[in-house]
Amino acid sequence: MPSAYEYSKEELSELLAGEPRYRVDQVWHGLWEEAQEIAGITTIPKSLRARLSEQFAPGLQVVNDLESDRGATRKWVFRLNDGSTIETVLMSYEDRVTVCVSSQAGCAMGCTFCATGQAGFTRQLTAGEVLEQVMFAARAASPRRLSNVVFMGMGEPLANYNVTVNVVKRLHEYRGLSARHLTVSTVGVAPAIERLAKEGLPLTLAVSLHAANNETRNELVPLNRRYPLERLHEACEFWIETTSRRLSFEWALIDQVNDTDQALDELARYAYSLRAHVNLIPLNPTPGYLVRGSPPDRVRHFRDGLEAQGINVTVRNTRGRSIDAACGQLANVTNAKRRSIPVRSA
Ligand code: SAH
Ligand code: SF4
């Protein structure tokens, strides 16, 4: 049985043929605007709720619900219908509420410093499974409105291309989210970046760079051997020209690996030539990678150095470390096997 979020409005109308026309709007409003489950759409009769509940099967079941940062960060582990598990993180800030969704169960890209990459690939998610993560988070965020969706959970969204495009389109059409509120993060699948540029979707693209010389990047991001920095640069240029949008680079600062003055200069050159924004993330600890994140003074030095070279920089804070909810820590090994690490902001 499919998730209700697999359906377009037309398909839903067909399913509800025989019902008064306004029922379609009520169900649609309940699902998309109010982020309700069928059982929670109280504007429709109980009998219809019962019928629809038999037609649709929710794709996610909560198996773990964790919070940190005094409730401002929440992480859910969901079991999918085939038993595999994924994770979703909700982050509340003063000015926005952001959900970080998974696009795949696991990831095949094998980045060495990422817990998801260390655990390997299980399967692609369906559009319904990605959208249900968003809607679940929207319900949990209530009465605040979920304002941002970022594809920065488990998986490589551009390796699940059609689903990613489909989800972005629907979030735009049905939830009104636009480029400032929708971010897809990719490890740098160059041809897919170019294809995505041509879709004309309202989204922000973030590219996980982490190194701006091929030798280091080959080590950190194995995909770099297939699409080295020169090829990635072409794709980024194409993105900017085609969409007229800025892109941002993600850079997880790793002690003595990519936080040196040489790395700084390499990044500054690469980012400057593309007028890209840089997001620095002090590396979060993962079980399979024994190198540490850069110390706070190194993070500041790196930020100041980039700024001095004319680059726009943001230092991202490391929300959710104590529940393994921070960037790169999603791997369903939560807390059971590891001691908590105190949350701190850089
Ligand atoms: N696969 C996509 C999106 C998911 S990863 C991508 O790689 O872009 C989301 C972000 O977390 C990426 O920028 C990734 O490089 C970063 N990340 C992975 N492991 C990390 C870690 N241990 N510490 C900090 N950031 C990490
Ligand atoms: Fe996959 Fe992104 Fe992790 Fe690399 S950093 S292994 S692409 S989830």
Side-chain angles (χ1 to χ4, degrees), residues 86-89 91 98-122 124-125 130 133 149-161 163-164 182-190 192-193 196 203-211 216-227 232 236 247-255 257-259 276-294 299 314-321 324-333 338 341 343-346:
I86 55 163
E87 303 186 354
T88 306
V89 182
M91 292 159 286
T98 300
V99 66
C100 177
V101 295
S102 294
S103 55
Q104 302 180 309
C107 184
M109 296 297 166
C111 303
T112 43
F113 53 87
C114 168
T116 311
Q118 290 155 14
F121 179 71
T122 307
Q124 302 285 22
L125 298 192
V130 180
Q133 296 172 63
V149 177
V150 299
F151 289 71
M152 292 189 180
M154 299 170 96
E156 167 50 42
L158 298 191
N160 192 5
Y161 185 86
V163 162
T164 297
L182 271 174
T183 300
V184 171
S185 176
T186 177
V187 71
V189 190
I193 292 175
L196 187 66
L203 62 85
T204 300
L205 188 69
V207 175
S208 298
L209 198 63
H210 308 308
T216 312
R217 197 162 192 269
N218 285 344
E219 288 302 313
L220 296 175
V221 178
L223 189 76
N224 194 67
R225 294 181 202 136
R226 190 132 141 233
Y227 305 117
L232 182 59
C236 291
L247 58 80
S248 45
F249 288 131
E250 310 287 307
W251 191 280
L253 278 165
I254 310 171
D255 194 24
V257 173
N258 64 359
D259 66 353
H277 185 101
V278 172
N279 288 311
L280 299 176
I281 322 154
L283 184 85
N284 292 308
T286 60
Y289 189 65
L290 296 177
V291 177
R292 285 172 306 139
S294 307
V299 175
T314 308
V315 178
R316 288 234 232 113
N317 73 14
T318 51
R319 280 283 188 104
R321 274 192 184 177
D324 290 345
C327 299
Q329 294 188 310
L330 307 184
N332 301 319
V333 291
R338 304 208 284 129
I341 294 136
V343 182
R344 66 186 155 87
S345 303

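These numbers come from a predicted model, not from an experiment. Whatever order the structure lists them in is the order used to number ligands and atoms, beginning at 1. Counting begins at 1 with the first residue of the sequence.
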Compare all side-chain heavy atoms of Phe113 with those of Val291 and state whether any distance is below 4.5 angstrom.
-> no
With heavy atoms of Gly155 as the reference, note each atom of ligand 2 found under 4.0 Å away.
-> 8 (S)
Write down the atom of Ile254, the atom of Asn258, and the distance for their closest heavy-atom approach.
-> N-OD1, 2.7 Å
Check whether any side-chain heavy atom of Glu219 sits under 4.5 Å from a side-chain heavy atom of Thr216, and report yes or no.
-> no
Could you give the N/O to N/O pairs under 3.5 Å linking ligand 1 and the protein, each with its distance?
{"residue": "ligand 1", "atom": "1 (N)", "partner": "Gly155", "partner atom": "O", "Å": "2.9"}
{"residue": "ligand 1", "atom": "1 (N)", "partner": "Glu156", "partner atom": "OE1", "Å": "3.2"}
{"residue": "ligand 1", "atom": "8 (O)", "partner": "Ser185", "partner atom": "OG", "Å": "2.7"}
{"residue": "ligand 1", "atom": "8 (O)", "partner": "Ser208", "partner atom": "OG", "Å": "2.6"}
{"residue": "ligand 1", "atom": "13 (O)", "partner": "Ser208", "partner atom": "OG", "Å": "2.7"}
{"residue": "ligand 1", "atom": "15 (O)", "partner": "His210", "partner atom": "NE2", "Å": "2.5"}
{"residue": "ligand 1", "atom": "22 (N)", "partner": "Phe113", "partner atom": "O", "Å": "2.9"}
{"residue": "ligand 1", "atom": "22 (N)", "partner": "Asn284", "partner atom": "O", "Å": "3.0"}
{"residue": "ligand 1", "atom": "23 (N)", "partner": "Asn284", "partner atom": "N", "Å": "2.9"}
{"residue": "ligand 1", "atom": "23 (N)", "partner": "Cys327", "partner atom": "O", "Å": "3.3"}

For Leu232 and Val207, which heavy atoms make the closest approach, and how far apart are they?
-> CD2-CG1, 4.0 Å
Taken by chain and residue number, the protein N/O/S atoms under 2.8 Å from atom 4 (Fe) of ligand 2 read Cys111 SG
Please determine which of Val149, Leu203, Leu205, Val150 meets the side-chain contact (heavy atoms from CB on, under 4.5 Å) test together with Thr183.
-> Val150
Do you know which two heavy atoms are closest between Val187 and Glu156, and how far apart they sit?
-> N-OE1, 2.9 Å
Atom of Arg217, atom of Ala211 and distance for their closest heavy-atom approach = CD-O, 3.3 Å
Between the CE atom in Met152 and the CG atom in Leu330, the distance rounded to the nearest 0.5 Å is 12.5 Å
Taking all atoms of both residues into account, what is the closest heavy-atom pair of Val299 and Pro282, and its distance?
-> CG2-CG, 4.3 Å
More than 12 heavy atoms from other groups under 6.0 Å of CZ on Arg225 | yes
